[in-house]
Amino acid sequence: MAAANSTPLELRPLGNTGLKLSSVGFGASPLGNVFGPVSESDAIATVRQAFRLGINFFDTSPYYGGTTSEKVLGIALKALEVPRNEYIVSTKCGRYIDGFDFSAERVTRSIDESLERLQLDYVDILQCHDIEFGSLDQIVNETIPALLKLKEAGKIRFIGITGLPLEIFTYVLDRVPPRTVDVILSYCHYSVNDSTLEDLLPYLKSKGVGVISASPLAMGLLTEGGPPEWHPASPELKAACKAAAAYCKEKGRNISKLAMQYSLSNKDISTILVGMNSIQQVDENVAAATELATIGKDEKALSEIDDILKPVKNQTWPSGIQQS
């Protein structure tokens, strides 16, 4: 299906997988009512609009909304009534509403449960979810070998790992056979306030691993409304982001759009994954990508934001509360 906007969304290769992902990816955690209620009809309309505008990558997890996100995404994708090969679906294993379990037995059972909820025969990518909360050695020695069996069984096409601390990726990738892990999903490390993922990109490229970067708005820090109450960033980082958002507003700019364009501009990252729960959010994210492709990013505004954020640049926070 052709994109409705005049400039189609760019498709980028994902490592060595052969998959080509839309530069903007659809994060389906909001469909699990994680950020407030979303009706089934609104969810279907949102996914339909995303697909119509050229988004072909949809990411979920059994953890989001305690399986609700997977169920609702499954319903919405089915409602598209298009061939299965026209969209790419990623889900996760190991993190559930009742805790973490990366055992071979649990992740093997997990994919069958996910496929049933998603109403699919296979997922394109199955990712171990937030591996820093488990034993990384278990991920290497037990979880990933179990996922390789699922790959052989045709239930998944590619294997991924996700988490917040960047060092978890090198730890695992240095210990598994080459071409075992196909993709990593990092979040909050490629945005205007924190670009530390950039240092890891040459290493990931050398391993042939595709890169998905989530949360370009730093879990709400880079928005006019500001982050949720529970956001684990330091008071200094929150204050600097608030000042940057206010500055943008004063200049007639939107910090979220600028942040999205900043994240999208690095083509070594296959897709920028952003949570969406309305047609308006889909339109805004696709418009940001389209504008970037046609006009380029606002270097002046980004440089001014960078000056405001300089004292807190690359300041991260402990993982534990957030959802990747």
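Grouped with Y247 in one hydrophobic cluster are I308, the linkage being side-chain heavy-atom contacts under 4.5 Å among Ile, Leu, Val, Met, Phe, Trp and Tyr residues.
For E299, the salt bridge (charged side-chain N to carboxylate O under 4.0 Å, His left out) partners at least two apart in sequence or on another chain are K297. Partners of D42 by salt bridge (charged side-chain N to carboxylate O under 4.0 Å, His left out), not counting sequence neighbours: none found.
Contact between P62 and Y96 at its shortest, heavy atoms only, is CG-CE2, 3.8 Å. Of all heavy-atom pairs spanning R253 and A301, the tightest one is NE-CB, 4.3 Å. Listed here is the closest heavy atom pair of I272 and P216: CG2-CG, 3.5 Å. What you find for G220 and T223 is that their closest heavy atoms are O-OG1, 2.7 Å. Summarising the geometry of T271 relative to V24, their closest heavy-atom pair is OG1-C, 3.5 Å, with the distance given to 0.1 Å. The two residues L147 and C128 come nearest to each other via the heavy atoms CD2-SG, 3.7 Å.
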Q: Please assess E116 against D112 for the test side chain to side chain contact (heavy atoms under 4.5 Å, CB included), listing each intermediate value before the final yes or no.
A: CA-CA 6 Å; E116 192 173 328; D112 289 334; over 6 Å; no
(Q) Determine whether L201 and N266 satisfy the following criterion, side chain to side chain contact (heavy atoms under 4.5 Å, CB included), listing intermediate values before the conclusion. (A) CA-CA 10 Å; L201 293 176; N266 190 325; 3.6 Å; yes
Q: With salt bridge (Lys or Arg N to Asp or Glu O under 4.0 Å) as the test, would you mind laying out the steps for R106 and E113 before giving the verdict?
A: CA-CA 10 Å; R106 183 68 188 99; E113 294 164 357; 3.2 Å; yes
(Q) The test is salt bridge (Lys or Arg N to Asp or Glu O under 4.0 Å); show your working for D182 and K151 and say whether it passes. (A) CA-CA 12 Å; D182 304 290; K151 196 174 179 176; 3.4 Å; yes
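Taking a 6.0 Å sphere around CD of E224, one finds it holds more than 12 heavy atoms contributed by other residues, nucleotides or ligands. More than 12 heavy atoms of other shown residues, nucleotides or ligands fall within 6.0 angstrom of atom NZ in K207. For K313, the NZ atom sits in a packed shell: over 12 heavy atoms of surrounding residues, nucleotides or ligands are nearer than 6.0 Å.
If you check the side chains of Q127 and S90, you find a donor sitting under 3.5 Å from an acceptor. Judged purely by distance below 3.5 Å, without hydrogens or angles, the side chains of D194 and Q315 never pair a donor atom with an acceptor atom. In summary, the side chains of Q281 and N277 do present a donor paired with an acceptor at a separation below 3.5 Å, with no hydrogens or angles considered. Looking only at atom types and distance, the side chain of T60 has a donor-acceptor partner in the side chain of S69 under 3.5 Å away. In the model, S191 has a side-chain atom that pairs as donor or acceptor with a side-chain atom of N193 under 3.5 Å. There is no side-chain donor-acceptor pair under 3.5 Å between N314 and T196.
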Name each donor-acceptor pair under 3.5 Å that joins a side chain in residues 238-245 to protein atoms two or more places apart or in another chain, with its distance.
residue, atom, partner, partner atom, Å
K238, NZ, H231, O, 2.9

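Between F58 and Y87, the two ring planes are perpendicular [angle over 60°; tilted spans 30° to 60°].
The aromatic ring centroids of F102 and F133 lie 6.0 Å or more from each other.
For residues 139-179, no pair satisfies ring pair (Phe, Tyr, Trp, His ring centres under 6.0 Å), with sequence neighbours left out. Contacts classified as ring pair (Phe, Tyr, Trp, His ring centres under 6.0 Å) and involving residues 263-298 (residues at least two apart or in different chains) are not found.
Y63 carries R95 over the face of its six-membered ring, with the cationic atom under 6.0 Å from the centre and within 45° of the normal.
Between T68 and L31, the closest side-chain pair of non-hydrogen atoms is not below 4.5 Å.
Hydrophobic cluster membership is shared by L118 and L80, with clusters built from Ile, Leu, Val, Met, Phe, Trp and Tyr side chains linked at under 4.5 angstrom.
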